[in-house]
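Report on the following structure.
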Amino acid sequence: MAELLYGEDPEPSERFPAGPLYVPVRPGPSGCAARLFRTPLGDRTAVGFTSERRLTATLGPGQAWIRLAEPALRALTAPLGVTAVTVDPQFTAPAPAPVGPLGLVGPVTPAIPALRTA
């Protein structure tokens, strides 16, 4: 089977965004660390957004971020075994709430396929 060139492929299998990404970070002991998420199938992924507006629409206005090129984000997360980068995810699941004492669990909500924090 012949491999399609990008010009022939209506939806290229690898998309490389132009320019730096807005990468969500969290404070760590040595400064900021890139936040890692999980796909709906449970695989770990790094996340980047093509605009600050998209980042805040998905993760909220209080989310800290840095600008990184996609190859730099991959190089940063590769030693952790994370090889996937998700660009502009549209949905995220809320962080899990702490469980109360046994027998006092809150209402159950249906699972929504979305990225969730690693």
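With sequence neighbours left out, Arg67 forms a side-chain hydrogen bond (donor to acceptor under 3.5 Å, both in side chains) with Tyr22. Under the rule for a salt bridge (charged side-chain N to carboxylate O under 4.0 Å, His left out), Asp43 has no partner lying at least two apart in sequence or in another chain. Taking the side-chain hydrogen bond (donor to acceptor under 3.5 Å, both in side chains) definition, one finds that Gln63 meets it with Arg35, sequence neighbours left out. Residues meeting the salt bridge (charged side-chain N to carboxylate O under 4.0 Å, His left out) test with Arg54, sequence neighbours left out: Asp88.
A donor-acceptor pair is defined here as one N or O able to donate and one able to accept, closer than 3.5 Å; no such pair exists between the side chain of Thr58 and the backbone of Leu55.
Closest approach of Pro89 to Gly48, counting heavy atoms only: CD-O, 4.2 Å. Taking every heavy atom of both residues into account, Leu73 and Val47 meet most closely at CD2-O, 4.0 Å.
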task: Walk me through it: do Phe37 and Leu59 pass the test side-chain contact (heavy atoms from CB on, under 4.5 Å)?
output: CA-CA 12 Å; Phe37 294 81; Leu59 298 175; 4.1 Å; yes

field: Evaluation steps, side chain to side chain donor-acceptor pair (under 3.5 Å), between Thr45 and Thr39
entry: CA-CA 7 Å; Thr45 183; Thr39 67; over 6 Å; no

- request: Go through the steps for Glu52 and Trp65 under the test side-chain contact (heavy atoms from CB on, under 4.5 Å), then give the verdict.
  value: CA-CA 9 Å; Glu52 183 180 0; Trp65 53 268; 3.6 Å; yes

Let me have the donor-acceptor pairs involving side chains of residues 78-85, under 3.5 Å, with sequence neighbours excluded, atom names and distances please.
none

